[in-house]
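See structure below.
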There are 2 protein chains.
Amino acid sequence: MEINEAANVLSLLGLEGRLAIFRLLVRAGPRGVKAGDIAGALSSPPSTLTANLNVLSHAGLITRRRDGRMILYSANFGRMRELLAFLLADCCNGEPDICVPLMDVATRATCCASDAAEYEEMKS
Amino acid sequence: MEINEAANVLSLLGLEGRLAIFRLLVRAGPRGVKAGDIAGALSSPPSTLTANLNVLSHAGLITRRRDGRMILYSANFGRMRELLAFLLADCCNGEPDICVPLMDVATRATCCASDAAEYEEMKS
DNA sequence: TCCATAATTCTACAATACTCGAAATTTGGA
DNA sequence: TCCAAATTTCGAGTATTGTAGAATTATGGA
């Protein structure tokens with residue numbers, strides 16, 4: 001991930017309402033949550049919620065799929081992993097004596113079996 | 001870390017100039033970097049740099065110490081860890097079958113021996 | 001004591017982006 | 001075909017925040 005993209009993603013997550021949405025979806029896992037349930041959980045007016053969902057979606061942080069009359073949103077764990085990897089990359093200049101535990105984190109930051117699989121596929 | 005604090009920290013990092021500073025310091029490790037060297041590396045006007053350093057400093061993301069005539073800045077890895085832990089907390093609702101690798105990350109996100117030690121002390 | 005260097009504070013301008021009501025769209029079922 | 005429910009689009013008002021030039025402060029050395 002390039003720095004301008006990372007900065008963009010971070011700034012988008014840096015709004016409490018949006019962070020709350022993202023966190024809710026991260027907690028919910030791959031199954032996703034209905035837009036209406038998100039609105040209910042966060043007591044957000046529908047139009048505000050949609051605006052924020054659009055922003056997160058355009059940034060690739062969440063994905064959307066229709067299920068009958070409702071729309072399910074879920075976190076994009078692959079993207080989340082990219083962001084964490086960016087923040088941790090080359091930490092402490094990679095000096096092993098100082099920073100081994102953190103480099104370890106970067107390579108382990110895969111969440112949720114399905115997404116980890118997708119990510120492995122994407123790389124090849 | 002509370003959500004409002006996390007959102008604040010994320011938004012502050014969500015500016016390319018500031019993210020570049022933080023990343024530079026993360027890479028540099030605990031030894032820190034002189035303000036002037038940061039300005040040189042990022043070709044940032046002094047006043048802009050100071051403004052951004054102040055913002056990061058107030059947010060606890062970096063620390064400042066004087067060394068003779070110069071001022072050294074370094075990343076606060078403990079704070080960075082808190083942020084990562086927030087993002088990863090309860091991922092996938094903690095269901096082991098889905099999310100073990102990520103929960104693992106949260107507990108391992110300690111960087112740089114000295115800071116890790118500080119963190120362990122803080123907890124006790 | 002005086003000077004040069006390092007960094008910060010002050011100030012004001014400019015730009016961007018968040019929120020939410022009302023109207024419109026899409027879907028499923030009767 | 002028509003209605004109700006779920007969600008999105010549109011639009012405008014408001015506020016917040018980033019940038020950088022010029023002046024100021026603080027430090028170390030001569």
Side-chain angles (χ1 to χ4, degrees), chain A residues 3-25 28 31-76, chain B residues 3-25 28 31-76:
Chain A
I3 190 170
N4 59 334
E5 202 179 347
N8 187 45
V9 167
L10 288 168
S11 76
L12 300 182
L13 286 176
L15 186 76
E16 191 169 330
R18 277 201 294 260
L19 184 57
I21 294 170
F22 184 69
R23 209 167 135 69
L24 182 70
L25 296 180
R31 266 165 221 156
V33 181
K34 292 186 289 186
D37 290 347
I38 303 176
L42 306 178
S43 359
S44 172
S47 59
T48 300
L49 181 72
T50 298
N52 285 330
L53 288 172
N54 276 336
V55 168
L56 293 173
S57 182
H58 282 125
L61 285 163
I62 64 177
T63 56
R64 173 193 345 237
R65 65 184 193 280
R66 187 173 273 281
D67 175 21
R69 193 188 306 215
M70 311 118 172
I71 298 197
L72 285 172
Y73 285 90
S74 41
N76 182 346
Chain B
I3 190 170
N4 59 335
E5 202 178 347
N8 186 46
V9 167
L10 288 168
S11 76
L12 300 182
L13 286 176
L15 186 76
E16 192 169 328
R18 276 200 294 258
L19 183 56
I21 294 171
F22 185 67
R23 209 167 136 68
L24 182 70
L25 296 179
R31 266 165 222 157
V33 181
K34 291 187 291 186
D37 289 348
I38 302 175
L42 306 179
S43 357
S44 173
S47 60
T48 302
L49 181 73
T50 298
N52 284 329
L53 288 172
N54 276 336
V55 168
L56 292 173
S57 182
H58 281 125
L61 284 164
I62 64 177
T63 56
R64 174 192 344 235
R65 66 183 192 279
R66 188 173 272 282
D67 175 20
R69 194 187 305 216
M70 310 118 174
I71 298 196
L72 285 172
Y73 284 90
S74 42
N76 182 347

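Numbers restart at 1 for each chain; the letters A, B, ... are given by sequence-line order, proteins then strands. Just so it is clear, the model here is predicted, and its values are computed rather than measured.
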Would the distance check show the side chain of [X] and the main-chain N or O of [Y] forming a donor-acceptor pair, the cut-off being under 3.5 Å?
X: B:Arg18; Y: B:Asn52; value: no
X: A:Asn76; Y: A:Gly60; value: yes
X: B:Thr50; Y: B:Pro46; value: yes
X: A:Arg23; Y: A:Leu25; value: no

Base, sugar-phosphate alone, or nothing: which one does A:Pro45 contact when heavy atoms must sit under 4.0 Å apart?
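Contact class for A:Pro45: sugar-phosphate only.
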Look at all strands and tell whether B:Leu15 reaches a base, only sugar-phosphate, or nothing, counting heavy atoms closer than 4.0 Å.
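Here B:Leu15 touches the backbone only, sparing every base.
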d([atom1], [X]; [atom2], [N]) in whole Å:
X: B:Asn54; N: D:dG18; atom1: CG; atom2: C1'; answer: 14 Å
X: A:Asp67; N: D:dA5; atom1: CG; atom2: P; answer: 19 Å
X: A:Leu53; N: D:dT9; atom1: CG; atom2: P; answer: 11 Å
X: B:Arg18; N: D:dG18; atom1: CZ; atom2: P; answer: 4 Å
X: B:Leu72; N: D:dT27; atom1: CG; atom2: P; answer: 15 Å
X: A:Arg69; N: D:dA4; atom1: CZ; atom2: P; answer: 12 Å

Tell me, please, the opening and closing nucleotides of DNA chain C, 5' to 3', among those with an atom under 4.0 angstrom from a non-hydrogen atom of chain B.
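Result: C:dA4 to C:dT9.
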Is the distance from OP1 or OP2 of [N] to the nearest side-chain N or O of [X] less than 4.0 Å?
X: A:Arg66; N: D:dA6; answer: no
X: A:Arg64; N: D:dT8; answer: yes
X: B:Thr48; N: D:dA20; answer: yes

5′-ward residue of the pair A:Ala51/A:Gly68 relative to DNA chain C:
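Its nearest nucleotide lies further toward 5', so the answer is A:Ala51.
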Are [X] and [Y] packed together at the side-chain level, in the sense that at least one heavy-atom pair is separated by less than 4.5 angstrom?
X: B:Leu12; Y: A:Leu10; value: no
X: A:Ser57; Y: A:Leu53; value: no
X: B:Ser74; Y: B:Arg64; value: no

